[in-house]
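This is the structure I have questions about; it appears just below.
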Amino acid sequence: MTGEECTIEDTDLLPRLRQKSTGALEEAVRQYGAYVMAIIRNRSRGVLTAEDQEEIASDVFVSLWRGAKSITQLRPWLGAVARNQTADAMRRKRVYVPLEDDTLISLEPLWERMYEDQRCEAVQKALLALSGEDREIFYRFYDLAQRRCR
């Protein structure tokens, strides 16, 4: 979700929630309800009923109303609470997501991706430390393959 898609920014909505402003909770439900439900559905993978999912979503927004004063970022907070409350509900109901053989993944691609991300970040920092002229030389040599033969 980009800032253009939001009608009210978190910077405006959070203070209104903290002040228990009329309509703030309804606005939060309107703006983030689908996001919260998607997390609940994904986390429960069909082992909870639609009613259970809606109850969890309601509990998430009740928690938002009660705990708004301690929240610094709304979307990440809602996501974490939705995941945690879904897991709690599944434990209480003693329902579990089945682990199938085809859902097992190797951690190797994840480690490779993490290493690649760290390497890219290090290169980016190194490039920013260069002067503009040196950055241009680096860019021309590596990205544009402009090499002078001697």
Side-chain angles (χ1 to χ4, degrees), residues 1-132 134-136 138-139 142-144:
M1 177 180 335
T2 65
E4 297 163 357
E5 295 171 1
C6 295
T7 55
I8 295 181
E9 297 291 326
D10 286 356
T11 55
D12 181 45
L13 187 54
L14 258 173
R16 291 178 46 224
L17 285 164
R18 289 181 188 130
Q19 296 169 353
K20 307 284 188 213
S21 174
T22 306
L25 185 60
E26 290 84 4
E27 179 63 29
V29 171
R30 188 192 64 71
Q31 191 168 332
Y32 293 104
Y35 170 71
V36 168
M37 285 301 292
I39 289 173
I40 294 167
R41 278 190 213 101
N42 288 337
R43 181 75 178 210
S44 64
R45 291 196 184 151
V47 299
L48 294 175
T49 66
E51 292 81 17
D52 290 336
Q53 293 173 11
E54 289 177 20
E55 184 177 334
I56 294 167
S58 294
D59 291 344
V60 169
F61 286 105
V62 167
S63 296
L64 170 62
W65 185 251
R66 290 180 179 158
K69 291 187 186 222
S70 64
I71 299 170
T72 56
Q73 293 182 314
L74 188 53
R75 185 178 171 96
W77 186 91
L78 286 169
V81 172
R83 283 188 294 278
N84 292 339
Q85 288 195 7
T86 302
D88 290 345
M90 290 170 64
R91 273 192 292 275
R92 280 193 309 273
K93 293 182 177 295
R94 292 184 174 14
V95 293
Y96 303 97
V97 174
L99 183 61
E100 299 168 11
D101 290 339
D102 63 342
T103 61
L104 295 176
I105 59 169
S106 166
L107 291 179
E108 190 60 34
L110 297 174
W111 286 114
E112 288 175 15
R113 174 74 189 265
M114 186 175 72
Y115 173 75
E116 180 65 20
D117 289 347
Q118 289 174 343
R119 191 174 67 79
C120 288
E121 186 178 326
V123 169
Q124 194 172 34
K125 284 181 183 177
L127 284 173
L128 289 173
L130 295 175
S131 70
D134 288 341
R135 257 194 315 270
E136 180 70 20
F138 184 89
Y139 171 72
Y142 287 102
D143 284 350
L144 301 177

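Numbers for residues simply follow the sequence, beginning at 1.
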Exercise. Taking only residues two or more places apart in sequence or in another chain, which ones pass side-chain contact (heavy atoms from CB on, under 4.5 Å) with Glu116?
Worked result: Arg119, Cys120
Exercise. To the nearest 0.5 Å, how far apart are OH in Tyr32 and CD in Glu27?
Worked result: 9.0 Å
Exercise. In chain order, what residues pass the side-chain hydrogen bond (donor to acceptor under 3.5 Å, both in side chains) check against Asp59, with sequence neighbours excluded?
Worked result: none
For this session: Looking only at non-hydrogen atoms, find the nearest pair between Leu13 and Gln31 and report the distance.
Result: CD2-OE1, 4.1 Å
Exercise. Residues in salt bridge (Lys or Arg N to Asp or Glu O under 4.0 Å) with Arg92, at least two apart?
Worked result: none
For this session: Work out which heavy atom in Val47 is nearest to a heavy atom in Met90; give both atom names and the distance.
Result: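 Shortest heavy-atom separation between Val47 and Met90 comes out as CG2-CE, 3.7 Å.
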Exercise. Between Gln85 and Ser63, which heavy-atom pair has the shortest distance, and what is it?
Worked result: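 The answer is NE2-OG, 3.1 Å.
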For this session: For residues 76-88, pull every pair meeting salt bridge (Lys or Arg N to Asp or Glu O under 4.0 Å), keeping only residues two or more places apart or in separate chains.
Result: Asp88-Arg91
Seminar exercise, completed: Those residues at least two apart in sequence (or on a different chain) that pass side-chain hydrogen bond (donor to acceptor under 3.5 Å, both in side chains) with Gln53 are none
For this session: Report the residues that fulfil side-chain contact (heavy atoms from CB on, under 4.5 Å) with Thr49, sequence neighbours left out, ordered by chain and then residue number.
Result: Glu51, Asp52
Exercise. With Glu136, which residues qualify under salt bridge (Lys or Arg N to Asp or Glu O under 4.0 Å), at least two apart?
Worked result: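 Listed in chain order: Arg140.
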For this session: Please report the C-alpha distance between Asn84 and Val81 in whole Å, then the side-chain angles of each, then the deciding distance to 0.1 Å, and finally whether the side chain to side chain contact (heavy atoms under 4.5 Å, CB included) criterion is met.
Result: CA-CA 5 Å; Asn84 292 339; Val81 172; 5.8 Å; no
For this session: First locate atom CG of Leu130, then atom CZ of Phe138, and finally report the distance between them rounded to the nearest 0.5 Å.
Result: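 It is 7.5 Å, given to the nearest 0.5 Å.
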For this session: Would you please name every residue forming a side-chain contact (heavy atoms from CB on, under 4.5 Å) with Ala57, sequence neighbours left out?
Result: Val36, Met37, Ile40
For this session: Please list, chain by chain and in numerical order, all residues satisfying salt bridge (Lys or Arg N to Asp or Glu O under 4.0 Å) with Asp134, sequence neighbours excluded.
Result: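 Result, salt bridge (Lys or Arg N to Asp or Glu O under 4.0 Å) vs Asp134: none returned.
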Problem set entry | Smallest separation among heavy atoms of Ile56 and Ala82, with atom names |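 So the minimum-distance heavy-atom pair works out to CG2-O, 4.5 Å.
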For this session: Would you please name every residue forming a side-chain contact (heavy atoms from CB on, under 4.5 Å) with Leu64, sequence neighbours left out?
Result: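 side-chain contact (heavy atoms from CB on, under 4.5 Å) check on Leu64 returns Leu17, Leu25, Ala28, Phe61, Ile71, Leu74, Trp77, Leu78.
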For this session: Looking only at non-hydrogen atoms, find the nearest pair between Arg43 and Ala87 and report the distance.
Result: NH2-CB, 3.7 Å
For this session: Go through the structure and list residues passing salt bridge (Lys or Arg N to Asp or Glu O under 4.0 Å) with Glu121, not counting sequence neighbours.
Result: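 Partners of Glu121 under the salt bridge (Lys or Arg N to Asp or Glu O under 4.0 Å) test: Lys125.
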